[in-house]
Amino acid sequence: REREREIEASGPPPKHRRVRRDSTEDLQTMMRQLGVMRMTSALRRVHIAEGGSGGRTLGAIRSLTTWPWDNRSPSGGGGDPSGPRNEAGYAVLVGQEYEQLHHNWAENVELRGGGGAVAPAQLSSPVDITEVQELIAGATEVALVGSGHSFNDCMALRRGSVDTPSSDKRLLMSTAFLSTIDGIDSDAMTVKCGGGTTISQLCRYLQPIGAALAQVPSLPHVTIAGAMSTATHGSGNTEQALSAMAAQIELVAADGTVHSFARGTDDHRAASVSLGLLGVITSVELDIVPTFDVHQQTYDDVPLDMVDSLSAVMGSADGVSALVDFGTPNPCATLSFRTRVEPGTPMPTPAPEYCGGTLRSDDFVCFESHMHTGSTGTGPWYDKLQYFLDNDRDAKMGVRALQTEYFVKMDDLDAAIKALRPVAEKWPGWRTWDNANPETQGPTHIAEIRSIKADDLFLSPMSSAKNTDVFASIHFTLGYFPEAAHRIVQELEDVLKPFAARPHWGKLWHTSPSAAAYPHRGAFIETMRRLDPTAKFSRGPFASRALQL
């Protein structure tokens with residue numbers, strides 16, 4: 001605490017200086033609230049004295065832990081200081097609260113493989129780049145997991161079979177402890193952080209020193225490397241996805257060598273949206289901007305038929321979100337218009353109506369978290385650009401759901417929505433949730449439409465030869481009905497096929513994207529084979545589907 005007072009008195013941190021910003025007492029509160037296990041630098045290494053063991057373990061801090069990304073159950077158990085360690089001498093994370101690491105957050109995908117003569121892979125959680133190198137060097141197959149918030153097999157190891165050698169060293173690597181924030185470079189206007197840093201951790205670091213990210217995804221508990229690797233995005237015709245904000249990427253390749261890729265190079269274009277197939281992103285330098293506030297105006301029950309052009313609406317503010325209920329022949333939307341302003345700028349009085357919709361001032365209730373998120377009003381950037389916050393902390397995501405999302409050129413949005421309406425109207429589940437009980441939700445919950453500026457990254461769904469292009473994302477949150485969800489995804493793909501739709505890499509999708517959709521896919525595969533010639537990171541089923549290997 002004395003060190004924190006010194007930091008506060010000394011003003012903004014100099015370039016790339018490690019700063020501890022959470023006291024131990026704050027950390028205990030944070031650990032109970034976070035949906036993902038995270039540590040500050042002061043507690044990043046725990047050495048166990050009992051029995052002469054020098055390995056790392058979480059057992060000594062079991063009282064701070066919660067279930068990593070499943071808050072439906074109370075924490076329990078805890079890592080055992082005398083428990084198993086892998087061959088490299090690192091603690092294997094065991095105990096009841098780590099059982100969920102067998103699956104992704106949605107619990108629809110087994111992550112650790114297994115089968116035949118092969119046991120499920122063990123989890124390793126390195127604390128620094130040296131441990132990353134050592135662990136990778138001794139593995140034959142590696143899959144990476146950040147916050148675990150995914151809906152397909154992008155983090156999964158391949159399942160074992162009778163033909164799989166039992167001697168294979170298969171590793172599921174968590175980046176949970178690669179979350180140090182090293183400080184800002186005020187000249188370059190970047191912040192350097194570990195790949196396992198969460199969006200919310202970075203927000204809490206930047207805001208007190210007057211800095212911000214120009215755009216953030218709506219989920220604060222996802223990691224920087226995970227969001228980049230799947231091209232996760234915010235909303236705005238002039239704002240690119242988080243992966244395009246990376247000025248420099250540090251990556252550990254399959255042979256343990258460390259690479260640094262600068263913006264403008266082909267290696268950077270490959271690594272920015274890597275799908276976890278090139279290696280471990282250990283640190284990133286992200287673009288930052290001066291802090292700002294956001295004015296938000298939200299209108300309920302806006303009939304789509306009253307909107308001349310939804311594509312034009314998406315460009316009418318710095319960021320626009322359209323929550324659409326397609327469950328009737330005359331669907332309505334909740335439109336939120338977000339405008340960036342200088343901190344402290346008074347919000348002008350909003351119009352009481354917009355295209356037949358009425359101004360909303362009360363909060364939303366989010367299905368997955370059952371937490372409230374604001375509507376019309378003014379707030380800091382990190383609050384208004386994200387949905388799942390609770391008193392500036394990550395809200396618990398306690399209700400399982402499934403998600404799918406596709407990207408089309410903004411010029412095609414109106415035609416795509418016109419084609420989608422009669423199909424989506426027939427999907428069951430619209431308007432069944434009672435805003436309180438998850439069991440009342442049917443297979444289809446809500447759709448959301450947002451916009452993202454194009455980039456030039458090899459596997460980005462927003463990649464385009466024209467940097468003036470804008471893409472529209474068409475997202476669906478679905479109830480936890482896996483069979484119905486896959487039927488919906490197939491029908492959605494069929495409807496959007498004429499518009500060359502590209503899937504969100506981390507959500508549900510069926511059909512492998514065509515070579516025409518990703519003209520630089522060949523260049524990505526060349527980079528992957530150069531950095532990982534033995535395919536340590538690309539043996540899982542996802543790589544074959546995504547890249548048509």
Side-chain angles (χ1 to χ4, degrees), residues 13-19 38-39 41 44-45 124-137 139 142-147 171 173-199 201-202 205-206 213 222-232 241-288 455 457-460 524 527-528 530-533 536-538:
K15 300 177 183 179
H16 301 318
R17 187 180 75 185
R18 287 182 172 82
V19 178
R38 288 289 177 260
M39 308 301 299
S41 57
R44 202 170 303 280
R45 290 177 177 267
S124 291
S125 193
V127 300
D128 57 31
I129 194 169
T130 300
E131 291 187 0
V132 172
Q133 292 174 294
E134 293 172 351
L135 289 165
I136 290 177
V142 183
L144 306 174
V145 56
S147 70
L171 175 66
M173 181 180 289
S174 167
T175 62
F177 294 163
L178 302 176
S179 53
T180 299
I181 301 175
D182 286 323
I184 64 169
D185 185 329
S186 56
D187 295 329
M189 285 299 285
T190 58
V191 60
K192 186 176 182 180
C193 63
T197 306
T198 66
I199 298 290
Q201 284 177 319
L202 194 54
Y205 176 84
L206 292 174
L213 299 174
V222 298
T223 64
I224 297 296
M228 287 176 52
S229 296
T230 55
T232 299
L242 185 71
S243 46
M245 296 163 57
Q248 193 90 11
I249 300 171
E250 180 185 80
L251 178 144
V252 177
D255 62 356
T257 57
V258 180
H259 300 262
S260 185
F261 304 136
R263 178 184 281 139
T265 64
D266 282 351
D267 283 343
H268 179 276
R269 294 186 183 96
S272 294
V273 183
S274 66
L275 312 184
L277 303 179
L278 301 185
V280 184
I281 295 177
T282 50
S283 71
V284 182
E285 293 183 30
L286 291 173
D287 296 334
I288 57 175
D455 56 50
L457 309 178
F458 286 171
L459 292 188
S460 169
F524 179 88
T527 304
M528 180 181 72
R530 171 167 50 86
L531 295 175
D532 184 14
K536 284 185 181 182
F537 293 95
S538 57

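For clarity, every value in this text was computed on a predicted model and none was experimentally measured.
A donor-acceptor pair under 3.5 Å is formed between the side chain of Lys536 and the backbone N or O of Ala139. Under the 3.5 Å distance criterion, the side-chain polar atoms of Thr197 are matched with a main-chain donor or acceptor of Gly194. Not one N or O on the side chain of Arg263 forms a donor-acceptor pair closer than 3.5 Å with the backbone of Gln248. At least one donor-acceptor pair closer than 3.5 Å links the side chain of Thr198 to the backbone N or O of Gln201. Listed for the Thr257 side chain is no donor-acceptor partner under 3.5 Å among the backbone atoms of Ala253. In terms of modelled atom types and a separation under 3.5 Å, the side chain of Thr230 and the main chain of Gly226 share a donor-acceptor contact.
Considering every non-hydrogen atom in both Ala246 and His268, the closest pair reads O-NE2, 2.7 Å. Heavy atoms only, all atoms of each residue included: Thr223 and Gly195 are closest at CB-O, 3.7 Å. Minimum heavy-atom separation, Val273 to Ser243: CG2-OG, 3.5 Å. Across all non-hydrogen atoms, the minimal contact from Pro533 to Arg530 is CD-O, 3.8 Å. The two atoms that bring Phe524 and Phe458 nearest to each other are N-CD1, 4.0 Å, heavy atoms only. Of all heavy-atom pairs between Asp455 and Ala244, the closest is CB-CB, 4.2 Å.
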Margin query: Checking Tyr205 against Ile184 for the side-chain contact (heavy atoms from CB on, under 4.5 Å) test, could you report, in this order, the C-alpha distance in whole Å, the side-chain angles of both residues, the deciding distance, and whether it holds?
Written below: CA-CA 10 Å; Tyr205 176 84; Ile184 64 169; 4.1 Å; yes
Notebook entry, point to check: Passes side-chain hydrogen bond (donor to acceptor under 3.5 Å, both in side chains), Asp267 versus Thr265? Steps please.
Noted result: CA-CA 5 Å; Asp267 283 343; Thr265 64; 5.7 Å; no
Notebook entry, point to check: Does the side-chain contact (heavy atoms from CB on, under 4.5 Å) test come out yes or no for Leu278 and His259, once each step is laid out?
Noted result: CA-CA 11 Å; Leu278 301 185; His259 300 262; over 6 Å; no
Checklist line | Ile281/Ser229 under side-chain contact (heavy atoms from CB on, under 4.5 Å): CA gap, chis, key distance, verdict | finding: CA-CA 9 Å; Ile281 295 177; Ser229 296; 4.0 Å; yes
Checklist line | side-chain contact (heavy atoms from CB on, under 4.5 Å) between Val284 and Met245, intermediate numbers included | finding: CA-CA 10 Å; Val284 182; Met245 296 163 57; over 6 Å; no
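A distance of 4.5 Å separates CG in Asp185 from OG1 in Thr190, rounded to the nearest 0.5 Å. Distance check: Leu202 CG to Cys193 SG gives 5.0 Å after rounding to the nearest 0.5 Å. Summarising the geometry, atom CD belonging to Glu131 is positioned 9.0 Å from atom OG belonging to Ser125; distances are rounded to the nearest 0.5 Å. Annotation: the span from Asp128 atom CG to Thr130 atom OG1 amounts to 4.5 Å, rounded to 0.5 Å. The CG atom of Leu286 lies 5.5 Å from the CG atom of Leu242; values are rounded to the nearest 0.5 Å.
At a threshold of 4.5 Å between non-hydrogen side-chain atoms, the residues Asp266 and Thr527 do not count as touching. Counting heavy atoms from C-beta outward, Phe537 and Leu144 have side chains that approach closer than 4.5 Å. Within the 4.5 Å cutoff, side-chain heavy atoms of Ile129 are placed close to those of Val252. Contact check for Ile288 versus Leu213: side-chain heavy atoms found under the 4.5 Å cut-off. Between Ile199 and Ile224, the closest side-chain pair of non-hydrogen atoms falls below 4.5 Å. A 4.5 Å side-chain heavy-atom check between Val258 and Glu250 finds at least one atom pair inside the cut-off.
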